[in-house]
Visitor: 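What follows is a single structure, and I will ask about it in a moment.
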Amino acid sequence: MKICKFGGSSLANSCQIKKIIDIVSSDPMRKIVVVSAPGKRSDDDIKVTDLLIECAELALLNEDYDVVLNDIVDRFAEIEKGLGVTEAISEDIRADLVSRLLADKSHKGKFMDSMMAAGEDCNAKVIAAGMRVKGIDAVYVNPKDAGMILSDEFGNAQLLDESYEQLAKLKDIKEIVVFPGFFGYTKAGEIATFPRGGSDITGAILSAAVKADEYENFTDVDSVVVVDPRIVPEAIPVYEMTYREMRELSYTGFNVLHDEAIIPAVRASIPIHIRNTNSPNSKGTKILPERIAEHGKVAAISSADGFCTIYFSKYLMNREIGFGRKVLQILEDEALSFEHIPSGIDNMSIILREDDLDDSLASKVMSRIKNELGVDSIYLERGLSVIMIVGEGMRFTVGLSALASKAFADAGINVEMINQGSSEISIMYGVKSDDRIKAVKSLYKTFFGDK
Ligand code: ASP
């Protein structure tokens, strides 16, 4: 059994939805279809979820929301018409939205979640009807009936593990299940949503619940490519990567799938297949629990700006038992998550995300380190970028870091920091942000240039 999840761009209009109906009907393994809300039809269009947010905000301000409401209903009416659905679902959708809009607004989070979830919910109903028009035995299943029970953290809900037993029964439904992504219900029966983009989470949960053979995640790219195509437009595709590789890469902004979104599928060892709705015969990219790694091969390169370093030194630091613990205690007290702490005999650098460390917090942390640990010198350096080269095959390859060092040298770039060894499958480099693009291009040329 395969779970297929279709994102907003795959469902933006009836023309796109016809493609997904063909995709679903072309493989009898595709039994459960998770859908997002309709996305943008063109670059300057607005996603239905964003229209719903706008409508909800107007309602909260007691302002007129009719124009936006009509826009939303029109989007579904257009889809319904394009699919040849005659059940007049869009009229039910209007009534449903009006009743959500008139509901109690005293808890903003609950109200917003109920509105936001409507995009997925209505789309699933229309798509199931569209499939039936095509003669496919399809049924809309509501997450409450299926037992998708979430915590009551509105807008950021999490699945309660007890849901799995009930959700597993979805595999016994003989029709094709069309399941709205992004939301579930609290124990008290209220709608709660996952974070934005949360339909991926729904797909991962259902894959784990029914122990699917594969979780197909349909989007609008043929395959994942080995490096950000905005930096290297000709970047070659990567057809397979492991969960670990994906996680290492996503650390520095390699947006395959959000690593937290797929945790349920990862825990259940379900292979994830990223595919293109607009080109379903393309190979796509598989994310697997394990793969046979080619010797010496770097799988991909990722990079991100926005890091900084607090550097400090103290003579005879190496002899001072407990020094590291005290540093970590200060970070914990200030609720700071660090990325990396390279250390030498008498010095340490704490690498942090710049967004987490504004100037006032930086000076507080630095004065605590200075006063409580008696360091000789301390300074903060902003404008650091992190580059990761990642690959399962790297750990048994001689000379790989020499190649990477040569790539930096060829580009005339000074490496500020290297972290090799804490992960067997990656090497992390810190460079000045001005050098990031040049460095990534040079690394691409070194590791993939001959492909
Ligand atoms: N429609 C929701 C959003 O725009 C969830 C999703 O598409 O996955 O965030």
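First listed ligand is number 1; within each ligand, the first listed atom is number 1.
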Visitor: Begin from the C-alpha positions of Phe408 and Tyr429 and carry the test ring-ring contact (aromatic ring centres under 6.0 Å, His included) through to its verdict.
Guide: CA-CA 10 Å; Phe408 285 107; Tyr429 296 92; 4.7 Å; yes

Visitor: For the pair Glu354 and Arg382, find out whether any cationic side-chain nitrogen is under 4.0 Å from an anionic carboxylate oxygen.
Guide: yes

Visitor: State whether the shortest distance between N or O atoms of Phe182 and N or O atoms of ligand 1 falls below 3.5 angstrom.
Guide: no

Visitor: What's the shortest heavy-atom distance between Asn123 and Ala37, and which atoms?
Guide: ND2-C, 3.7 Å

Visitor: Is there a donor-acceptor pair under 3.5 Å between the side chain of Thr285 and the backbone N or O of Val238?
Guide: yes

Visitor: Any nitrogen or oxygen of Lys5, side chain or backbone, less than 3.5 Å from one on ligand 1?
Guide: no

Visitor: Less than 4.0 Å is my threshold; does some heavy atom of Gly198 fall inside it relative to ligand 1?
Guide: yes

Visitor: Please identify each residue that fulfils salt bridge (charged side-chain N to carboxylate O under 4.0 Å, His left out) with Glu175, with sequence neighbours left out.
Guide: none

Visitor: Please report whether ligand 1 has a polar contact with Ser36, defined as an N or O pair separated by less than 3.5 Å (distance criterion only).
Guide: yes

Visitor: At a 4.0 Å threshold, what atoms of ligand 1 neighbour a non-hydrogen atom of Arg196?
Guide: 3 (C), 4 (O), 9 (O)

Visitor: Can you list the atoms of ligand 1 that are under 4.0 Å from a heavy atom of Glu120?
Guide: 1 (N), 2 (C), 5 (C), 6 (C), 7 (O)

Visitor: What residues form a ring pair (Phe, Tyr, Trp, His ring centres under 6.0 Å) with Phe154, not counting sequence neighbours?
Guide: His107

Visitor: Does ligand 1 have an atom under 4.0 Å from some heavy atom of Gly119?
Guide: no

Visitor: Can you tell me which portion of Lys47 lies within the under-4.0 Å heavy-atom range of ligand 1? Options are side chain, backbone, both, or neither.
Guide: side chain

Visitor: Among all protein heavy atoms, pick the one closest to atom 6 (C) of ligand 1 and tell me residue, atom and distance.
Guide: Ser199 OG, 3.4 Å

